Novice: 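Provided herewith is a single structure, encoded as structure tokens, for subsequent inquiry.
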Amino acid sequence: MASVKFENVIKTFGETKVIKGVNIDIQEGELIVFVGPSGCGKSTLLRMLAGLEDVSEGNIYIGDTVVNKVPSKDRNIAMVFQNYALYPHMTVEENMGFGLKLRGVSKEERKAAVEKAAKILGIEQLLKRKPRALSGGQRQRVAMGRAIVRDPDVFLMDEPLSNLDAKLRTKMRVEIRKLQHGLKTTMIYVTHDQVEAMTLADKIAVLDGGYVQQFGTPNELYHKPANRFVAGFLGSPTINFIVCKRSGDHFTLPDGQTFSIPESRMSNTAQDIELAIRPKYIDIVENEASPDTPNIIRWKSKVNLVEALGGETLVYVHLGDQDIIVKLTDKDDIEEGSTVELAFNLDNAHIFDLSNGNIISHGVNPHDSNSIES
Amino acid sequence: MSSHKAWWYLFPALFFLIMFTYYPMLQVFYDSFFFKEFGANHASFVGLDNYRRLFDDPDFINAVKNNVIYALGTVIPSLAIGLGLALALVESSRFNNFARSIFFFPTLVPLVAAAALWLFVYFPHIGLLDYYLEKVGIGSTDWLGDPDIALYSLMILAIWKNAGFYMLFYIAGLQGIGEEYYEAANLEGASYFQRLRYITFPLLGPTTAFVFIIALIHVFSYVDHIIMMTHGGPIGSTKLVLYYIYQNAHEFNDAAKATTSTVVSVTFLLLFSLFSIRTMERGIHYES
């Protein structure tokens with residue numbers, strides 16, 4: 001077990017700067033997820049920590065040691081690769097025991113360690129097989145087994161579930177979480193899947209454009225996004241962004257309505273803004289006569305599309321020229337093509353500065369629960 | 001598609017294969033049971049007489065013995081050198097690409113031309129080799145004229161000619177091994193030589209099996225340099241099976257013996273190829 005620290009880490013490939021200055025502090029035993037769209041540099045960060053890529057500038061620490069120049073093999077790190085990288089000519093047992101064999105661990109000790117790990121993962125019956133005789137899920141387990149056997153300081157996982165089908169992915173996600181809780185080893189997990197990130201992580205680092213956009217617990221990131229990117233990246237369906245033009249004290253919605261924002265929630269310097277409202281905080285109001293309440297935004301829209309997902313219904317509407325998604329959990333009788341009246345409370349919306357995407361003020365969570373939407 | 005139609009697609013390839021490979025093979029096999037005096041019109045059936053004659057011929061036994069030495073001494077070193085070159089030059093860089101062409105070049109030279117070239121190298125006193133060896137005080141050697149040395153001189157030529165060719169297969173083989181295996185092994189603490197031993201060599205198995213067969217066929221099917229350089233001499237020390245066949249057919253006009261030894265060597269090659277593919281496949285792990 002060890003802590004990990006990225007300190008002003010920069011990575012350039014030739015002329016291209018991929019990582020532009022990353023600082024992340026990871027405590028011992030934490031499960032950290034690096035998440036971001038493809039090309040954000042999350043895998044590069046992981047590979048630098050593994051020693052598979054050089055660090056161009058800055059320092060990476062494992063424990064108290066700067067490991068920039070320490071060769072991979074001396075970092076005591078285990079990694080699960082996206083395609084597992086199981087050696088095709090070795091049996092499962094040999095694959096899992098390979099690292100120990102290289103260290104000169106005796107045959108008996110190796111066997112015991114492999115069997116212990118196999119038991120944890122429920123793959124005892126596969127030990128004599130070759131990787132090609134295994135299913136995707138089994139290979140995934142063997143790859144994890146190979147990492148566990150060595151009892152490393154840090155586990156690295158590079159999109160380990162992306163080759164599995166959706167159902168198996170959900171199952172393995174839970175198992176990885178349980179496994180990490182049991183082993184209490186520091187784990188860094190890279191994924192582009194925000195659902196995986198939200199459900200697995202103690203803390204998430206959202207990466208984009210070579211920077212850490214935000215580093216915090218899933219709840220913090222979901223309810224208190226630092227900027228427009230984080231708000232838009234986490235949560236499904238995606239949060240709705242509504243561009244509003246400022247004119248003096250008033251703001252104009254895309255459909256021409258004007259409204260005002262309490263002074264406490266606005267900065268003086270910002271001009272045009274974007275309201276960000278989660279689909280579940282918008283409601284369809286049936287009582288047309290309901291009186292105008294302050295901070296409630298209401299409008300009428302034609303229903304473009306309805307997706308019934310069983311427990312919930314997604315309704316696609318628009319506000320002016322902007323598309324809006326509404327998530328309903330209590331109504332499933334909305335008809336496509338009909339006109340409905342919609343409403344949300346401004347208090348629930350985050351306000352971002354349109355010019356730079358930074359947060360001006362966070363909305364409040366109406367249910368004030370810790371539940372995470374996925 | 002009906003099998004009727006499939007035959008039409010197969011027909012051109014099949015026709016030439018049968019006419020120029022299988023028919024002659026069967027004809028040779030058939031002929032090996034007949035004896036015909038040179039110039040005579042009539043061949044008479046002699047049963048296994050030709051085979052008896054062949055195996056009683058010390059000249060043939062000598063050729064087989066030479067060929068075994070030649071095969072061992074050529075195939076193993078040229079595979080090892082090919083693999084070594086491939087390991088050194090597998091990364092693409094300007095220098096490596098240039099070096100690859102240099103080492104591949106002998107493959108492009110026709111064997112006859114290569115033999116002519118090496119005649120100059122091996123020429124006593126004034127040849128490339130002796131000229132410099134005499135200068136540094138090592139006396140002159142009759143590289144092609146000494147019966148104890150001549151076969152080995154030819155083996156060096158064959159290694160020079162083929163190693164670059166096998167290098168090319170090994171480079172392709174090495175490039176087919178996924179980078180992630182090395183990365184995984186690296187993280188698990190493997191040194192360069194441990195990666196070679198546990199990852200590279202086992203995963204090159206299919207390449208080695210293939211190159212080994214190719215090399216073996218090379219050894220038995222090229223005779224040009226012997227005709228150019230030694231004519232099987234001195235005192236039969238460089239006579240290989242193919243040269244023995246050539247001599248019997250064209251110099252001694254003993255068609256029956258040439259035919260019979262052809263049957264024996266082709267049968268041996270076929271069986272050996274089958275056997276080595278089988279045994280090697282058992283130890284080989286193709287990608288899943």
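Predicted model, so just to flag it, every value in this text is computed and none were measured. Convention: sequence-line order gives letters A, B, ...; per-chain numbering from 1.
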Novice: Can you give me the closest heavy-atom contact between B:A184 and A:Y87, atom names plus distance?
Specialist: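 Heavy atoms only, the tightest pair is C-OH, 3.5 Å.
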
Novice: Mind running side-chain contact (heavy atoms from CB on, under 4.5 Å) on A:L102 and B:Y198 for me, showing each step along the way?
Specialist: CA-CA 10 Å; A:L102 294 175; B:Y198 293 114; 3.9 Å; yes

Novice: Is atom CG of A:N23 surrounded by more than 12 heavy atoms (other residues, nucleotides or ligands) closer than 6.0 Å?
Specialist: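 More than 12 within 6.0 Å, yes.
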
Novice: Answer with side chain, backbone, both or neither: which region of A:F81 has an atom nearer than 4.5 Å to a non-hydrogen atom of chain B?
Specialist: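 Side chain only.
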
Novice: Counting only heavy atoms not in B:Y182, do more than 12 fall under 6.0 Å of its OH?
Specialist: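 Correct, the count exceeds 12.
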
Novice: Taking everything shown except A:D64 itself, do over 12 heavy atoms lie less than 6.0 Å from its CG?
Specialist: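 Open: at most 12 neighbouring heavy atoms sit under 6.0 Å from CG of A:D64.
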
Novice: Is it the side chain or the backbone of A:N83 that comes within 4.5 Å of chain B heavy atoms, both, or neither?
Specialist: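 Looking at A:N83, just its side chain touches chain B.
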
Novice: Dump the intermediate steps for side-chain contact (heavy atoms from CB on, under 4.5 Å) on B:E183 and A:R47, then the final yes or no.
Specialist: CA-CA 10 Å; B:E183 291 182 345; A:R47 291 172 60 82; 2.5 Å; yes

Novice: Is it the backbone or the side chain of A:I77 that comes under 4.5 Å from a heavy atom of chain B, or both, or neither?
Specialist: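 Interface part for A:I77: both.
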
Novice: How long is the straight-line distance from CG of A:L52 back to CD of B:E179, given to the nearest 0.5 Å?
Specialist: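 It comes to 9.0 Å.
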
Novice: Roughly how far apart are B:E188 CD and A:N76 CG, rounded to 0.5 Å?
Specialist: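 Between atom CD of B:E188 and atom CG of A:N76 there are 11.5 Å.
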
Novice: Measure B:Q194 against the heavy atoms of chain A and call it side chain, backbone, both or neither at under 4.5 Å.
Specialist: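 The answer is the side chain of B:Q194.
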
Novice: Is chain B contacted by the side chain of A:R75, its backbone, both, or neither, given a heavy-atom distance below 4.5 Å?
Specialist: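 Interface part for A:R75: neither.
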
Novice: Counting only non-hydrogen atoms closer than 4.5 Å, does A:L86 touch chain B with its backbone (N, CA, C, O), its side chain (CB onward), both, or neither?
Specialist: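 Contact with chain B is through the backbone of A:L86 alone.
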
Novice: Applying the side chain to side chain contact (heavy atoms under 4.5 Å, CB included) test to B:L187, which of A:R146, A:K73, A:M79 qualifies?
Specialist: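 Of the listed residues A:R146, A:K73, A:M79, the side chain to side chain contact (heavy atoms under 4.5 Å, CB included) partner of B:L187 is A:M79.
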
Novice: What closest approach, in Å, do B:P202 and A:H89 show between heavy atoms, and which atom pair accounts for it?
Specialist: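 Distance-wise, the nearest heavy atoms are CB-CD2, 3.3 Å.
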
Novice: Using heavy-atom distances under 4.5 Å, tell me whether A:A78 contacts chain B through its side chain, its backbone, both, or neither.
Specialist: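 Neither part; nothing is under 4.5 Å.
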
Novice: Any chance CZ of A:F13 has more than 12 other-residue heavy atoms, nucleotides or ligands included, within less than 6.0 Å?
Specialist: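 Atom CZ in A:F13 is packed in, count exceeds 12.
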
